[in-house]
Amino acid sequence: MILPVILAGGTGSRLWPLSRDLMPKQFLTLHGEHTMLQTTILRLAGIKTLPPLVICNEDHRFIAAEQLRQISQLDHNIILEPAGRNTAPAIALAAFTALKQGVDPLLLVLAADHVIANNTEFIKALAQADVLANNNNLVTFGIVPTAAETGYGYIKRGAALGDAYSVAQFVEKPNLTSAQQYLASGEYYWNSGMFMFKASVYLTELKQHRPDIYIACERAMADVNPDLDFIRVNYDAFIACPSDSVDYAVMEKTRATVVVPIDAGWNDIGSWASLWDISAKDSAGNVHKGDVLDIDGSNNYVFAETGLVATLGLTDTVVVQTKDAVLVATKNKVQAVKAIVQQLKTTGRSEYKIHREVYRPWGKYEAIASGERYQVKRITVKPGETLSMQLHHHRSEHWIVVSGMAKVTLNGTETLLYENQSIYIPIGAVHALENPSNMPLEIIEVQTGAYLGEDDIVRLSDRYGRV
């Protein structure tokens, strides 16, 4: 049986300002109708698999859970990494989890941020890999290259094994001359970062080649804390784990690696230029998302999130507008967007990390306006959900119900509020907000005080385990 293991870590900084630390690209709808994580899972609908196992960062746990719930795939199947340790430890956590459940499935390791245009060819390659992996091979998928790409690692094929090949060599990202030679030879594939192997076989190879990673992950899984829909590993044990990719730790060292070629319109959406590559274009080569007015433009990617974006005479340009930031760059420079993100971090700005719209397990909030000693938010609470019982030391709050019904607990007294009704929460008051209805609750929250940071929340009780 196949167990999909979806690697959903990373920040996707080259897709800023849409992708941010707390809302990275794998949780965004960039291509198609679903988020990239959801699309990765739904892509497997044509084959019989176990429920997917998603591995993500602690900070993204509620986003991942909500997106799995939306496609009916949430089943206590999210492993939380206390910190990123690259792909080799992440896959080890999945392998140990599978074996603890008394099965030894084929792990189908997929990144949550890939686009595959031809799903029929993808499923066909999985069937070929299934046979090889059941014979105790470690299968990697090699993308048939369509250009001399310098942004990917390569796999050189060896002897033929039916429709697959032994792996002769893994190659780092090459210069242009080398990439052109690889393309001309027909013997090289792009390294996709997708794999299939038995859980037990992977752990045996990991134990042989990187016993330090094996031992750290074994210890981390020996003390698992079940929490809602999450699998929390031992913090100290995992933090002590070395960081390494599955390629370096296992695939380049083992003699059991084989490569299955796949030609299915694969793209890892590594930049705005790559998103332009795979998107439908108008007659002038433009891709427009949102409310865009273009005059005399060609080969542009323009994304408007909240308002009108008008362009005049642009060529080979990327324009991305969000609620709090605008990116304008030539397409041949978008690989350097991460330098902007780094500068935002260095200067202490928040735009690298968080959007104005922030998701929480109970719903979301959007920062509407702020100034000295005040802040205004629009808060949406999902039906049946409750914010934590809490207090603030430095701010008071005024809540106005826009739509729905609110159940407010204030210093032990419960009050029901309806549309256009309001309540005042003084500094230091113990309070909670609940949506007891089957419709979304929307309120406007006006905060005033000397300090308005999110860390001025003292949680006294919380159904989501955040106390």
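One is the number of the first residue; the rest follow in order along the sequence. All values below come from the heavy atoms of this structure, side chains included, with hydrogens, waters and symmetry mates left out.
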| Atom CD of Gln343: over 12 foreign heavy atoms under 6.0 Å | no
| request: Compute whether any side-chain donor of one residue and acceptor of the other, for Arg20 and Thr322, lie under 3.5 angstrom apart. | output: yes
| query | Does any non-hydrogen side-chain atom of His398 lie less than 4.5 Å from one of Ile425? | reply | no
| SB check Lys323 Glu366 (cutoff 4.0 Å) | yes
| Residues Arg232 and Glu58 bridged, charged N to O under 4.0 Å | yes
| field | Check ion pair Asp277-Lys331 (N to O, under 4.0 angstrom) | value | no
| query | Roughly how far apart are Ile143 CD1 and Ser192 OG, rounded to 0.5 Å? | reply | 4.5 Å
| Are the aromatic ring centres of Trp276 and Tyr301 under 6.0 angstrom apart? | no
| said: Are Tyr202 and Tyr214, when compared by the centres of their aromatic rings, separated by less than 6.0 Å? | reply: no
| note | The complete set of salt bridge (Lys or Arg N to Asp or Glu O under 4.0 Å) pairs with one or both residues in residues 235-245, sequence neighbours excluded, reads Arg210-Asp244
| query | Is there a side-chain hydrogen bond (donor to acceptor under 3.5 Å, both in side chains) between Thr311 and Asp294 once you walk through the steps? | reply | CA-CA 5 Å; Thr311 64; Asp294 168 75; 2.9 Å; yes
| said: Considering only residues two or more places apart or on different chains, which pairs with a residue in residues 21-44 satisfy salt bridge (Lys or Arg N to Asp or Glu O under 4.0 Å)? | reply: Lys25-Asp113
Only pairs under 3.5 Å count here: list side-chain donor-acceptor contacts from residues 427-439, not counting sequence neighbours, and write none if there are none.
residue	atom	partner	partner atom	Å
His431	ND1	Gln390	O	3.2
His431	ND1	Ala429	O	3.0
His431	NE2	His392	NE2	3.3
Asn435	OD1	Ser437	N	3.0
Asn435	OD1	Ser437	OG	2.8
Asn435	ND2	Val381	O	3.0
Asn435	ND2	Lys382	O	3.4
Asn435	ND2	Met439	O	2.7
Ser437	OG	Met439	N	3.3
Ser437	OG	Met439	O	3.1

| query | Rounded to the nearest 0.5 Å, what separation is found between the CG atom of Asn57 and the CD atom of Glu81? | reply | 7.0 Å
| task | May I ask you to check whether Trp266 and Tyr152 place their ring centres under 6.0 Å from each other? | result | yes
